[in-house]
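What's counted below: heavy atoms across the whole structure, side chains too, no hydrogens, waters or symmetry copies. All figures in this text were calculated on a predicted structure; none of them were measured in a lab.
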Amino acid sequence: MKTPIETIYEFHEKRTACHISCVNYFAGLVGHHFPEHDNDKNIEPMRTGYAYKNYATYHPEYRLPSNYDELFRTAHDTHHNHASHHVEYYHGDVSRISDVCLIEMICDWFSANFEQVFILHDHEYESVTQWFDAKISHLGWTAIQLKTIGETVKLIERQLNHDDIMKLWLPITE
């Protein structure tokens, strides 16, 4: 049976809301709040590309449409190049990232890592630090940024409550 696009969009909206709630849970631990985080993922071209990705990630039996790679590449590149909480926004000069955007970025890393490890059971990177070291530590961060990253990661890790975070993901895990 073919999955209606409305079902795919509905799942995407729920999953994105869970992710945003999770980002803001971590942000709250360090005294911030990012209500606009990833709101662009509900408009085109992000909506369709991310909707298919999210649905297929949680429903492995789903067969992606033939034009999926192009849809997702466009959605991903557009979002990452226009959202200041992604390194791509800075076109190779991460030293320009403001403290507030860096905090949002770190909270985004935590939300993505939590989803991958505890919701999807993908254990490629067990921690934000492992992911950072493997993927983006080489990008030319300033000493102050590295200190901020290290301190923020430690602060979040000391304060997070696994059960509280799991509750944020209930809309897609029940």
**Report entry** Chi angles and distances behind the side chain to side chain contact (heavy atoms under 4.5 Å, CB included) call for His85, Val23
**Finding:** CA-CA 11 Å; His85 64 272; Val23 165; over 6 Å; no
Requested in this report: Using the side chain to side chain contact (heavy atoms under 4.5 Å, CB included) rule, take Tyr52 and Ile5 through it: C-alpha gap first, then chi angles, then the decisive distance, then the call.
Outcome: CA-CA 9 Å; Tyr52 281 123; Ile5 190 67; 3.5 Å; yes
Requested in this report: Sequence neighbours left out, what passes ring pair (Phe, Tyr, Trp, His ring centres under 6.0 Å) with Tyr50? Give chain and number order.
Outcome: Phe72, His79
**Report entry** Residues which pass side chain to side chain contact (heavy atoms under 4.5 Å, CB included) with Glu157, listed by chain and number, not counting sequence neighbours
**Finding:**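 Side chain to side chain contact (heavy atoms under 4.5 Å, CB included) list for Glu157, sorted by chain: Phe110, Thr129, Val153.
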**Report entry** All side chain to side chain contact (heavy atoms under 4.5 Å, CB included) counterparts of Glu36, not counting sequence neighbours
**Finding:** Asn39
Query raised in the report: Under a 4.5 Å side-chain heavy-atom rule over Ile, Leu, Val, Met, Phe, Trp and Tyr, are Phe118 and Ile20 clustered together?
Result: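 Result: no, two separate clusters.
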Report task. May I ask you to check whether Glu115 and Ser111 show a side-chain donor-acceptor distance below 3.5 Å? Result -> no
Report task. Please determine, by modelled atom types, if His37 and Glu104 share a side-chain donor-acceptor pair under 3.5 angstrom. Result ->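 Short answer, yes.
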**Report entry** Straight-line distance of Asn42 CG to Glu13 CD, nearest 0.5 Å
**Finding:**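 Between atom CG of Asn42 and atom CD of Glu13 there are 5.0 Å.
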For residues 135-144, dump all side-chain donor-acceptor pairs below 3.5 Å to protein atoms at least two apart in sequence or in another chain.
| residue | atom | partner | partner atom | Å |
| --- | --- | --- | --- | --- |
| Ser137 | OG | Asp133 | O | 3.0 |
| Trp141 | NE1 | Ile136 | O | 2.7 |
| Thr142 | OG1 | Gln145 | N | 3.0 |
| Thr142 | OG1 | Gln145 | OE1 | 3.4 |

Query - Closest non-hydrogen atom pair, Thr74 against Thr78 - result: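 Between these two residues, the closest heavy atoms are O-OG1, 2.7 Å.
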Requested in this report: Heavy atoms only: give me the nearest Ser84-Tyr90 pair and the separation to one decimal.
Outcome: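 Between these two residues, the closest heavy atoms are O-OH, 2.8 Å.
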Which atom pairs, one a donor and one an acceptor, fall under 3.5 Å between side chains of residues 60-70 and the rest of the protein, sequence neighbours left out?
none

Query - Tyr89, OH atom: more than 12 neighbouring heavy atoms under 6.0 Å - result: no
Report task. Return yes when atom NE2 of His82 has more than 12 non-hydrogen atoms of other residues, nucleotides or ligands closer than 6.0 Å, and no otherwise. Result -> no
Could you tell me whether the side chain of [X] and the main chain of [Y] form a donor-acceptor pair under 3.5 Å?
X     : Y     : result
Asn81 : Ala83 : no
Glu6  : Glu10 : no
Asn54 : Arg15 : no
Asn24 : Phe34 : yes

Query raised in the report: When you measure from the centre of the six-membered ring of Tyr9, is the NZ or CZ of Arg47 under 6.0 Å away and within 45° of the axis?
Result: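 Satisfied, under 6.0 Å and within 45°.
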Requested in this report: Please state whether the rings of His123 and His121 are parallel, tilted or perpendicular, taking 30° and 60° as the class boundaries.
Outcome: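 It falls in the tilted class, 30° to 60°.
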Query raised in the report: Given side chains that start at C-beta, do those of Cys107 and Thr152 come closer than 4.5 Å, heavy atoms only?
Result: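 The answer is no; the side chains never approach within 4.5 Å.
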Query raised in the report: Is there a side-chain contact between Met105 and Ile149, using heavy atoms and a 4.5 Å cut-off?
Result: no
Query - Ring-ring centroid check His59 Phe11, cutoff 6.0 Å - result: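 So the answer is yes for these two rings.
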What side-chain donor-acceptor pairs closer than 3.5 Å can you find for residues 160-174, not counting sequence neighbours?
| residue | atom | partner | partner atom | Å |
| --- | --- | --- | --- | --- |
| Asn161 | OD1 | Asp163 | N | 3.0 |
| Asn161 | OD1 | Asp164 | N | 2.9 |
| Thr173 | OG1 | Trp169 | O | 3.1 |

